[in-house]
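Just below is one structure, and these are the notes that go with it.
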Amino acid sequence: GEHTQELSDLRLGVEQVTERELEMAKRLEDFIVQSQDQNAQLQAVVHELQSQLAMREEQLASATFR
């Protein structure tokens, strides 16, 4: 009957929403992981630049006071 059809439609709708939610959750998780990876890479670059800068400063200082 009409009631059974409505119930079936509702069930299908809920299943589709759940599937979409799972898909979105997975994409969000992947995005967060990628962001963290990129962040780690950027931090490594920044640390590298900082140590280069520190070396340059030491070289300048020793050249100046020689």
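When only modelled atom types and interatomic distance are considered, Asp30 and Gln34 share no side-chain donor-acceptor pair under 3.5 Å.
For Gln50, the side chain to side chain donor-acceptor pair (under 3.5 Å) partners are His47, not counting sequence neighbours.
Here the CG atom belonging to Leu60 is positioned 11.5 Å from the CE atom belonging to Met55, to the nearest 0.5 angstrom.
For the pair Leu53 and Leu49, the minimum side-chain heavy-atom distance is 4.5 Å or more.
Between Arg20 and Glu23 a salt bridge is recorded (basic side-chain N to carboxylate O distance below 4.0 Å).
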For Glu2 and Glu6: C-alpha separation, side-chain torsions, deciding distance, then whether side-chain contact (heavy atoms from CB on, under 4.5 Å) applies. CA-CA 6 Å; Glu2 199 178 312; Glu6 176 69 9; 5.9 Å; no
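Ser8 places no side-chain N or O within 3.5 Å of a backbone atom of Thr4 that could act as its donor or acceptor partner.
Gln43 CD: more than 12 foreign heavy atoms inside a 6.0 Å radius.
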